[in-house]
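Down below is the structure, laid out as structure tokens.
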Amino acid sequence: MPDQAMTPGPAAQQKIDTSVPHSARIWNYWLGGKDNYPVDEEAGDAYTAVFPGIVTIARSSRAFLRRNITYLVSEAGIRQFLDVGTGLPTADNTHQVAQGIAPEARIVYVDNDPMVLAHAHALLYSTPEGVTAYVDANVTDPDRILAEAAKTLDLSQPTALILSNILGHVATHDQALSIVTRLMDALPSGSYLSINDGSRGIDPVFEQAQDAYNESGAVPYNLRTIDEITAYFDGLELVDPGVVSVPLWRPESTSPAPEPIGEHGGLARKP
């Protein structure tokens with residue numbers, strides 16, 4: 001039997017509110033998933049009416065994550081992953097990519113969305129050789145995240161910290177930077193940090209659409225400047241090509257040449 005675990009938290013008692021659009025469900029809709037409600041589809045369609053490129057951003061983000069994990073397993077030899085803010089399961093989840101290459105890989109997912117919790121069984125499927133676990137915790141509580149992750153992962157060994165499109169939900173850049181620092185401080189030399197988030201400075205239409213979304217009453221997502229995203233990697237050794245628009249990070253094909261979009265990310269090693 002696959003080894004799997006779940007650590008419930010406050011969100012386990014929350015009800016899923018289907019009357020208000022939710023970013024995780026809208027993101028799932030843009031990725032082609034089915035775990036969403038009419039209110040999410042309406043919000044997603046309203047967003048794409050203003051900025052159709054958001055679907056490209058969502059799918060490019062997922063492809064970036066897949067390439068990151070492939071590098072981490074195949075080239076960096078990482079076998080432990082802490083994926084914070086995992087969102088709803090779709091295709092190419094962290095455990096699917098990592099365990100597809102190294103069946104013994106161990107993955108801990110972290111989220112505090114009650115709908116993600118309800119679908120955690122899909123994330124908990126593991127190879128017999130590996131482990132997956134789910135922790136119900138908020139990204140703003142790094143101490144709980146680390147304490148619960150340590151029940152599954154050996155945090156004295158190199159671990160990849162994945163923060164994909166989650167730090168934008170943190171109110172300020174300073175708070176987000178503090179969270180990244182706390183999590184990475186707890187990991188040993190040889191660990192890696194993977195971050196990608198929506199960015200300002202590339203596409204003003206995207207920025208206008210996101211600002212309008214944030215004013216709609218939904219949970220806001222704050223775009224960061226490229227310099228702010230780059231600052232998350234201070235003190236770490238960036239893997240080439242550094243912090244770039246996600247289609248430009250080690251693309252699987254360069255024909256046609258990838259175009260930059262308002263989503264930046266990078267991967268870095270802790271020395």
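Within a 6.0 Å radius of CD in E129, more than 12 heavy atoms belonging to other residues, nucleotides or ligands are found.
Two residues are said to be in side-chain contact when any heavy atoms from C-beta on lie closer than 4.5 Å; S61 and S164 meet this criterion. Side-chain contact check for Q99 versus S126: some heavy-atom pair is nearer than 4.5 Å. When side chains are defined from C-beta on, Q210 counts as touching Y47, because their heavy atoms get closer than 4.5 Å.
No salt bridge links D227 with R200; every basic N to acidic carboxylate O contact stays at or beyond 4.0 Å. Between E252 and R67 there is no salt bridge, since no side-chain nitrogen of the basic residue lies less than 4.0 Å from a carboxylate oxygen of the acidic one. Salt bridge R62/D92: absent, no basic N to carboxylate O contact under 4.0 Å.
At a cut-off of 3.5 Å, with distance as the only test, no side-chain donor of T172 or D174 sits close to an acceptor on the other residue. In this structure, a donor-acceptor pair under 3.5 Å is absent between the side chains of D111 and T86.
Residues Y134 and Y109 place their aromatic rings such that the two centres sit no closer than 6.0 Å. In this structure, the ring of Y232 has its center no less than 6.0 angstrom from the ring center of H264.
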Would you give me the side-chain donor-acceptor pairs under 3.5 Å for residues 233-242, sequence neighbours excluded?
none

